[in-house]
There are 2 protein chains.
Amino acid sequence: MAHEKNISKAVIKRLPRYYRFLGELLNQGVTRISSRLLSEKMGITASQIRQDLNCFGGFGQQGYGYNVNVLYEEIASILGLDRQVDAILIGAGNLGRAVANHMEFEQRGFRLIGIFDENPALIGQTIKGVLVRSTDKIEPFCRVYHPTAAILCIPKTVTKEISDRLIDAGVKGFWNFSHYDLALNQKERGIVVENVHMSDSLMTLSYELKTLLSEEN
Amino acid sequence: MAHEKNISKAVIKRLPRYYRFLGELLNQGVTRISSRLLSEKMGITASQIRQDLNCFGGFGQQGYGYNVNVLYEEIASILGLDRQVDAILIGAGNLGRAVANHMEFEQRGFRLIGIFDENPALIGQTIKGVLVRSTDKIEPFCRVYHPTAAILCIPKTVTKEISDRLIDAGVKGFWNFSHYDLALNQKERGIVVENVHMSDSLMTLSYELKTLLSEEN
DNA sequence: TAGATTGTTAATCGATTAACAATC
DNA sequence: TAGATTGTTAATCGATTAACAATC
């Protein structure tokens with residue numbers, strides 16, 4: 001809403017973090033906050049916060065600061081958390097089950113409407129109130145329910161094949177936990193992908209520990 | 001090794017990704033690669049690849065390209081994947097079990113030596129060959145085995161308390177999956193933290209889908 | 001040697017920080 | 001009004017890209 005200048009990629013990447021911190025403040029009953037105070041909490045400069053928040057409309061007030069609730073709602077709206085998009089989960093192994101149970105989809109702009117797996121032992125079970133179906137049933141399911149997004153918790157060997165099938169079935173967005181890098185050039189096909197590489201983060205920790213431990217000598 | 005100029009933060013953040021792509025090439029039996037070819041595979045410019053790889057020593061050869069295996073080993077060494085650091089997992093719920101089973105710690109610079117949970121139903125069980133102990137046993141365990149890193153798959157309400165106990169017990173690095181932002185200022189205490197906010201990535205996908213779908217009109 | 005491809009410098013671009021006038 | 005704090009411009013910093021000489 002409001003004026004919406006150009007929101008840079010760097011700002012977009014920070015929005016979820018702002019959203020989390022503002023939510024935390026709301027929980028604590030804080031109704032207004034200055035850029036300086038928020039900067040202390042988040043560990044970024046007040047200058048950057050003002051620059052960032054000003055990208056999408058003048059929600060601050062000189063001499064007062066920002067209204068936490070207004071800002072929170074505005075960021076939710078920019079991120080699209082104020083609507084829900086239908087999503088299906090492919091792969092109900094350890095990781096898939098953890099994601100299904102752990103993630104608050106409804107508060108993140110999604111609704112989990114189907115789960116699919118190859119393992120006969122899982123098919124017919126229910127996870128978070130959602131029936132686990134055979135992967136054979138992906139296409140007929142999509143013809144009826146038209147999910148917009150898919151969460152991939154499957155081995156990298158089958159990611160290419162499954163994602164191609166899903167794209168054919170009309171899926172537009174992927175949250176990909178498999179180790180296969182779903183190609184970025186999907187963008188040209190009108191597909192968006194968020195690859196989650198948990199092991200990248202573990203390797204970064206390894207690097208940081210290495211650096212830390214060698215500094216200590 | 002070699003000359004090691006200053007490796008910038010931006011480069012460090014890309015190293016795990018380089019490492020994954022080079023590993024993939026090795027699997028395919030590729031022994032040499034040019035910056036141009038790698039740039040096509042990874043979706044970044046050849047210029048950036050040369051700039052990046054040159055930060056840590058002249059591993060390329062004019063007219064030839066890069067030796068995939070040499071580069072792979074070099075990045076592993078920079079990230080510290082060529083040694084193993086002892087780690088414990090706190091929280092053996094859905095997410096903890098998924099992380100324990102799913103993650104190849106040994107190939108990422110870590111060795112999982114202990115798992116802790118509060119749930120009596122889990123204590124005494126074994127996950128990936130590692131015994132689940134009561135969280136009461138964290139301190140005595142640490143006195144004997146001195147783990148360097150801890151993986152936190154626990155509710156955000158207990159993260160502060162547990163992490164303080166672990167720091168007192170000598171833990172230096174955290175891989176934190178709880179929704180609590182382990183403070184960055186830990187760095188001053190000689191502690192490193194990698195926070196994994198899976199929901200941030202889901203919110204980013206929500207934003208990208210919103211943008212994509214609104215463009216289509 | 002000729003062709004390929006790096007290493008490296010210089011130019012560009014974008015993001016962060018500093019500063020302060022505007023204004024609540 | 002005086003004090004606080006934003007909005008916004010200008011300055012700085014760092015990262016990316018382009019270009020080409022060096023060299024395998």
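In this text the structure is predicted, and so the values were computed from the model without any measurement. These numbers come from the heavy atoms of this one structure, side chains and all, not from hydrogens, waters or symmetry mates. Lettering of chains follows the sequences in order, A, B, ..., and the numbering in each one begins at 1.
Considering only side-chain N and O atoms, Gln48(A) lies under 4.0 angstrom from the phosphate OP1 or OP2 of dT16(C). In this model, the phosphate group of dT5(D) is not approached by any side-chain N or O of Ser35(A) to a distance below 4.0 Å at OP1 or OP2. The phosphate of dT16(D) (OP1 or OP2) has a side-chain N or O of Arg14(B) nearer than 4.0 angstrom. Residue Tyr66(B) has a polar side-chain atom (N or O) positioned under 4.0 Å from OP1 or OP2 of dG7(C). In this structure, Asn54(A) reaches the dT8(D) phosphate: one of its side-chain N or O atoms is under 4.0 Å from OP1 or OP2. Between Thr45(A) and the phosphate of dT17(C), there is a side-chain N or O to OP1/OP2 separation shorter than 4.0 Å.
Taking atom CD of Gln61(B) as the reference point, atom C1' of dT23(D) lies 10 Å away to the nearest angstrom. As rounded to whole Å, 11 Å separates atom P of dT5(D) from atom CD1 of Ile33(A).
Checked for salt-bridge contact, Glu139(A) and Arg165(A) meet the test: a charged N lies under 4.0 Å from a carboxylate O.
Looking at every heavy atom in both residues, Asp86(B) comes nearest to Tyr145(B) through OD2-O, 4.4 Å.
Distance from the side chain of Ala10(A) is smallest to dT16(C) among dC24(C), dT17(D), dT16(C).
In this structure dA15(C) sits in a base pair with dT12(D), meeting the Watson-Crick or G-U test at under 3.5 Å. dA21(C) is paired with dT6(D) under the Watson-Crick or G-U wobble criterion, all donor-acceptor distances under 3.5 Å.
Counting non-hydrogen atoms of neighbouring residues, nucleotides and ligands closer than 6.0 angstrom, the CZ atom of Arg36(B) reaches no more than 12 such neighbours.
Below the 3.5 angstrom threshold, one finds no donor paired with an acceptor across the side chain of Gln51(B) and the base of dT8(C).
Counting any heavy atom pair closer than 4.0 Å across all strands shown, Ser34(A) reaches sugar-phosphate atoms only and no base atom.
Between His197(A) and His179(A), the two ring planes are parallel [angle under 30°; tilted spans 30° to 60°].
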